[in-house]
Amino acid sequence: MGLGLRAARLLLRLRPMPGPGPGPGPSPKRPRSAMAPRIGTHNGTFHCDEALACYLLRLLPQYRDAEIIRTREPQLLSECDVVVDVGGEYDPQKHRYDHHQRSFAQSMHCLRPDKPWKTKLSSAGLVYFHFGSQILASLLGLKEEDPVVQVLYDKLYENFVEEIDAIDNGIAQWDGEPRYAMTTNLSARVSYLNPRWNDMDQDTEAGFRKAMELVGGEFRDHLDYYHRAWLPARTLVEKAIQKRFEVDPSGEILVFSQGGCPWKEHLFSLESELGVEKPIKFVLYMDQNGQWRVQCVPAGLHTFQNRLSLPEEWRGVRDEALSQLSGIPGCIFVHAGGFIGGNRSQEGALRMAQSALAQQTSPDAPSS
């Protein structure tokens with residue numbers, strides 16, 4: 001995405017975010033017109049999607065003091081101002097956001113064709129679709145149309161909400177059997193807050209309040225990270241790409257002025273946007289100990305394969321032995337996987353990357 005954002009805008013800090021508000025309680029004995037707004041959702045076993053949906057709704061001014069009514073009684077739900085994950089109805093005009101009905105097959109892409117995500121929405125995704133920009137703008141102290149809000153809206157969906165949508169709708173992350181079990185995702189952690197099947201006390205109200213705090217905290221943590229760390233890193237990566245030919249004539253090596261930034265996704269995106277003809281193979285940066293790292297650029301975001309690995313004969317060799325083997329002073333290590341190495345100086349790290357590039361172009365070079 002081309003942001004064109006001023007650096008100062010990228011470094012905006014989050015305002016303190018409102019808490020989730022009071023938990024569910026008995027209906028107050030006052031006229032309906034004077035009552036606090038009501039958010040309805042189902043009772044019994046709770047899930048990550050409605051916990052997040054309720055939390056997000058209470059970040060909106062109109063629902064900040066809302067009671068949460070957990071029931072399946074149609075009459076009680078009809079008295080609620082907004083209903084999520086129950087009721088068999090999706091009607092944003094009436095603020096009904098259920099996704100369980102047979103006729104429901106909406107995704108972000110269905111509702112907004114300019115968005116790429118085709119995962120079926122859960123109640124969390126529906127609330128985020130309709131109110132996410134307003135929520136983010138309020139939390140960040142920006143206007144909804146601000147480019148920062150729009151970029152973070154997409155990022156939070158792709159890297160937080162979509163996972164919750166998919167898990168709640170039973171959509172597998174991959175085809176076939178997984179190599180290992182994943183039991184620590186947010187949806188799983190919410191499920192553990194339900195009463196055990198053999199507990200004497202099967203009340204779910206306290207657990208649901210804990211679930212809202214859990215998912216709400218993670219949502220805010222993700223937003224804070226993407227706003228104050230991920231987004232500013234784009235500027236650093238873009239500058240490094242623009243200066244790549246000053247580092248090496250090949251244009252395949254970047255030097256970051258500051259280490260530790262999340263660079264991979266920005267690099268792939270910017271290569272496309274800036275029309276980089278030769279894919280970048282290595283990035284150099286200083287680590288926390290003042291030493292330099294040479295890291296291979298992966299073939300993609302979700303793979304351990306590299307565009308070009310460090311030479312096979314260097315892998316697993318350290319210190320002086322590696323310097324002797326490579327002919328480059330100051331070597332510290334090359335990982336046995338060949339995806340990262342270290343040197344005591346920037347010049348040494350650059351020479352390691354240049355040597356790897358030279359071996360790639362040599363007629364006798366082994367394949368990486």
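Treat the numbers as computed from the prediction; the structure is a model and nothing was measured. Residues: numbered from 1 along the sequence shown. Only this structure's heavy atoms are used, side chains among them; waters, hydrogens and symmetry mates stay out.
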Query raised in the report: Any chance the side chains of R220 and Y225 put a donor and an acceptor closer than 3.5 Å?
Result: no

**Report entry** Salt bridge present between D91 and R96 (N-O < 4.0 angstrom)
**Finding:** no

**Report entry** Least distance between heavy atoms, E205 atom then R70 atom
**Finding:** OE2-NH1, 2.9 Å

Query - Aromatic ring pairing F46/F208, orientation class (parallel under 30°, perpendicular over 60°, tilted between) - result: perpendicular

**Report entry** Shortest non-hydrogen contact from E277 toward P279
**Finding:** O-CD, 3.5 Å

**Report entry** Q295-Y285 side chain donor-acceptor pair, cut-off 3.5 Å
**Finding:** yes

Query - Smallest separation among heavy atoms of L322 and I332, with atom names - result: CD2-C, 4.4 Å

Query raised in the report: Hey, are E265 and S269 close enough side-chain-wise for a donor-acceptor pair under 3.5 Å?
Result: no

Query raised in the report: Who are the ring-ring contact (aromatic ring centres under 6.0 Å, His included) partners of H222, not counting sequence neighbours?
Result: F160

Query raised in the report: Can a donor-acceptor pair be found between the side chains of R244 and S250 at a distance below 3.5 Å?
Result: no

Requested in this report: Determine the interplanar angle of the Y153 and Y128 rings, folded into 0 to 90°, and report it as parallel if under 30°, tilted if 30 to 60°, perpendicular if over 60°.
Outcome: parallel

**Report entry** Polar contact flag, side-chain donor to acceptor under 3.5 angstrom, N185-E163
**Finding:** no

Query raised in the report: Side chains of E50 and S123: donor-acceptor distance under 3.5 Å anywhere?
Result: no

**Report entry** Donor-acceptor pair between D49 and H47 side chains, under 3.5 angstrom
**Finding:** no

Query - Stepwise salt bridge (Lys or Arg N to Asp or Glu O under 4.0 Å) check, R38 with D81 - result: CA-CA 5 Å; R38 292 181 172 186; D81 299 271; over 6 Å; no

Query raised in the report: Taking the inter-plane angle between the rings of Y63 and H95 on a 0 to 90° scale, is it parallel (under 30°), tilted (30 to 60°) or perpendicular (over 60°)?
Result: perpendicular

Query raised in the report: Does atom CD of Q305 have more than 12 heavy-atom neighbours, drawn from other residues, nucleotides or ligands, at distances under 6.0 Å?
Result: no

Query raised in the report: Of the non-hydrogen atoms in I280 and E271, which two are nearest, and what is the gap between them?
Result: N-OE2, 2.9 Å

Query raised in the report: Are any of the side-chain nitrogens in K243 or E238 under 4.0 Å away from the carboxylate oxygens of its partner?
Result: no

**Report entry** Flag for H99-D165: side-chain donor and acceptor within less than 3.5 Å
**Finding:** no

